[in-house]
K.L.:
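Sharing a structure with you now.
Each chain gets a letter, A, B and so on, in the order the sequences are listed, and its residues count up from 1.
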2 protein chains.
Amino acid sequence: MARVQFDREQVIQDCTQLFWQKGFSGASMQNVVQATGLKPGSLYLAFGSKEGLYQAALEHYAGQSQAALCQILEAAPSVGAGICQHLRRMIEASEKAGYCSCFLVKSQLELAATGGDLHRRVCAYLTEIEDLYAQYLERDYPQDQARQYATSVMMHVFGIRVYGYLERDRDTLLAAVKGGLPWLPWDSCDQAAGS
Amino acid sequence: MARVQFDREQVIQDCTQLFWQKGFSGASMQNVVQATGLKPGSLYLAFGSKEGLYQAALEHYAGQSQAALCQILEAAPSVGAGICQHLRRMIEASEKAGYCSCFLVKSQLELAATGGDLHRRVCAYLTEIEDLYAQYLERDYPQDQARQYATSVMMHVFGIRVYGYLERDRDTLLAAVKGGLPWLPWDSCDQAAGS
DNA sequence: GGTTAATTTGAACATTCATTCAAGCAGAAG
DNA sequence: CTTCTGCTTGAATGAATGTTCAAATTAACC
């Protein structure tokens, strides 16, 4: 073997942050080299190409997102309350400096025109998340209703992810989401998560 | 004077389409040269830089969008019915091949991280559109309610603009929007616009 | 018709891009 | 200790990037 292999997980994490912020075209391999501390050769041996690197970042982000969603929905007193809490946190996140929307959403919009493999993966990840919502909602609603609600939730998630850049105060955003998803138990969320 | 000045409007239109599809980083000046048929020198004399060109494209698109919105809202039997019709068309547009979301939304996500002048303009244009919705809604609702509704509409517009890429059938999308904006007169829209 | 001024031209610019590869190096195997 | 193996190194690659500018072109004016 050679010296010491670099920490693959750490490199992917660094790349995720970089691509998330700057996008695929906006981030150069030089940026990647700086962000990871690795030399080009190592990166290309390990990931093959810039696209391979981006792919790894996407996978990392999607896995993390799904895990976080499952965790919050499992821990909540009910699926509905968990969704409320999740949306609430999303809105709060959009107020922080350096807000970066959602990596999957940004990738979706940037890569759709290419019609390449990356875009197909992004669609798949987003669909998985929608399916996750639907599955959880099926605990409390009939299947049709659950799917319908899942679509509604996704639509609002996308809305928050874009609207978040406009720097409105959180109450405006929250009111809009509450109005759009009136079937969610917002009161229970107010109690559980505070305000 | 010189030969014949190129058709500025046409050039901006071509650029809009190009940038809309490929994004700021994704579109090269070489692409612009090909799309417009002009030589680099002419472009730089007329627009100063790639950023200047993008700016012109943004202005063109924003103006067009606002005009189209006003037109549809003025022509509709009521503001609410007009919004229904507009959202309906947006959903239908997302089904067409080569769907490109919304130029302002895409710009918002791509340019936010730069924090530059372009991003500030995009925010301004989006805010103008939201204000437009609010002003029209004030015809039928008290001011607070109107602003609230305008935010909700924007949120759904953003949702459609992202969700549109997932290639769901139009009924799924429409049902989600109807569920999220239940105060809109969807029935009148069904009659007016057909289905 | 000759002069002027505005506009287009397109090759050339330095820089940055994604990517490659021969050389260097550290641990494992004998 | 020597050999082998495979990861790391980082300068170098050619192509593509955004931008410039001197020369060419053309319409308007006297």
Side-chain angles (χ1 to χ4, degrees), chain A residues 1-58 106-107 110-111 113-119 121, chain B residues 1-58 106-107 110-111 113-119 121:
Chain A
M1 290 292 169
R3 212 162 73 177
V4 277
Q5 214 174 160
F6 61 83
D7 183 349
R8 199 172 202 274
E9 204 58 32
Q10 180 64 48
V11 167
I12 292 178
Q13 225 167 304
D14 294 341
C15 285
T16 303
Q17 197 149 356
L18 179 71
F19 283 130
W20 185 359
Q21 194 185 71
K22 300 193 149 201
F24 182 78
S25 299
S28 69
M29 284 305 288
Q30 204 169 3
N31 290 336
V32 175
V33 167
Q34 285 174 357
T36 61
L38 288 181
K39 306 298 164 185
S42 301
L43 290 167
Y44 275 84
L45 187 77
F47 298 96
S49 65
K50 188 185 182 184
E51 192 169 319
L53 216 33
Y54 196 91
Q55 204 174 102
L58 273 180
K106 291 181 80 170
S107 299
E110 180 180 4
L111 304 173
T114 71
D117 190 48
L118 282 179
H119 176 239
R121 282 167 196 266
Chain B
M1 288 292 169
R3 211 162 74 177
V4 277
Q5 213 173 161
F6 61 83
D7 184 349
R8 198 171 201 274
E9 205 58 30
Q10 181 62 48
V11 167
I12 292 178
Q13 225 167 305
D14 294 340
C15 285
T16 302
Q17 198 149 353
L18 179 70
F19 282 130
W20 184 1
Q21 193 184 70
K22 299 195 151 198
F24 181 79
S25 299
S28 70
M29 284 305 289
Q30 205 170 1
N31 289 338
V32 174
V33 166
Q34 284 173 358
T36 61
L38 288 181
K39 307 298 165 185
S42 301
L43 290 167
Y44 276 84
L45 186 77
F47 299 96
S49 66
K50 188 184 183 185
E51 193 170 319
L53 216 32
Y54 197 90
Q55 206 174 99
L58 274 179
K106 291 181 80 170
S107 300
E110 179 180 4
L111 303 173
T114 70
D117 190 48
L118 282 179
H119 176 239
R121 281 167 196 267

K.L.:
What is the distance, to the nearest angstrom, from the CD atom on B:Q34 to the C1' atom on C:dG10?
P.N.:
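Atom-to-atom, B:Q34 to C:dG10, this comes out as 14 Å.
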K.L.:
Would you indicate, yes or no, if C:dG10 has its OP1 or OP2 atom less than 4.0 angstrom from a side-chain nitrogen or oxygen of B:K39?
P.N.:
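Checking C:dG10 against B:K39, a side-chain N or O does come within under 4.0 Å of OP1 or OP2.
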K.L.:
List the residues meeting salt bridge (charged side-chain N to carboxylate O under 4.0 Å, His left out) with B:D117, not counting sequence neighbours, and say none if there are none.
P.N.:
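B:D117: salt bridge (charged side-chain N to carboxylate O under 4.0 Å, His left out) contacts with B:R120, B:R121.
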K.L.:
For A:R8 and D:dC7, give me the distance from atom CZ to atom P, rounded to whole Å.
P.N.:
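It works out to 12 Å between those atoms.
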K.L.:
Among all residues two or more places apart in sequence or in another chain, which pass the side-chain contact (heavy atoms from CB on, under 4.5 Å) test with B:T16?
P.N.:
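B:I12, B:A57, B:H60, B:Y61, B:F103.
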K.L.:
Specify the separation, in whole Å, of atom CG of A:L45 and atom P of D:dT9.
P.N.:
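My rounded result for the distance is 12 Å.
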K.L.:
Donor-acceptor pairs under 3.5 angstrom involving side-chain atoms of residues 49-56 of chain B: please list them, not counting sequence neighbours.
P.N.:
{"unit_1": "B:S49", "atom_1": "OG", "unit_2": "B:E51", "atom_2": "N", "d": "3.3"}
{"unit_1": "B:S49", "atom_1": "OG", "unit_2": "B:G52", "atom_2": "N", "d": "3.1"}
{"unit_1": "B:K50", "atom_1": "NZ", "unit_2": "B:F24", "atom_2": "O", "d": "2.7"}
{"unit_1": "B:K50", "atom_1": "NZ", "unit_2": "B:A27", "atom_2": "O", "d": "2.8"}
{"unit_1": "B:Y54", "atom_1": "OH", "unit_2": "B:S107", "atom_2": "OG", "d": "2.7"}

K.L.:
Between protein and nucleotides 12-19 of chain D, map the contacts as a letter string: B base, S sugar-phosphate only, - none, heavy atoms under 4.0 Å, written 5' to 3'.
P.N.:
-----SSB
K.L.:
In whole angstrom, what separates A:L43's CG from D:dT8's P?
P.N.:
10 Å
K.L.:
Please check: side-chain N/O of A:K22 versus main-chain N/O of A:S28, any donor-acceptor pairing under 3.5 Å?
P.N.:
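Not at all, since once roles are kept as given, no pair shorter than 3.5 Å links the two residues.
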K.L.:
Under the rule for side-chain hydrogen bond (donor to acceptor under 3.5 Å, both in side chains), what residues qualify as partners of A:Q17, not counting sequence neighbours?
P.N.:
none
K.L.:
Residues two or more places apart in sequence or in another chain: which of them pass side-chain hydrogen bond (donor to acceptor under 3.5 Å, both in side chains) with A:T36?
P.N.:
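side-chain hydrogen bond (donor to acceptor under 3.5 Å, both in side chains) check on A:T36 returns nothing, list empty.
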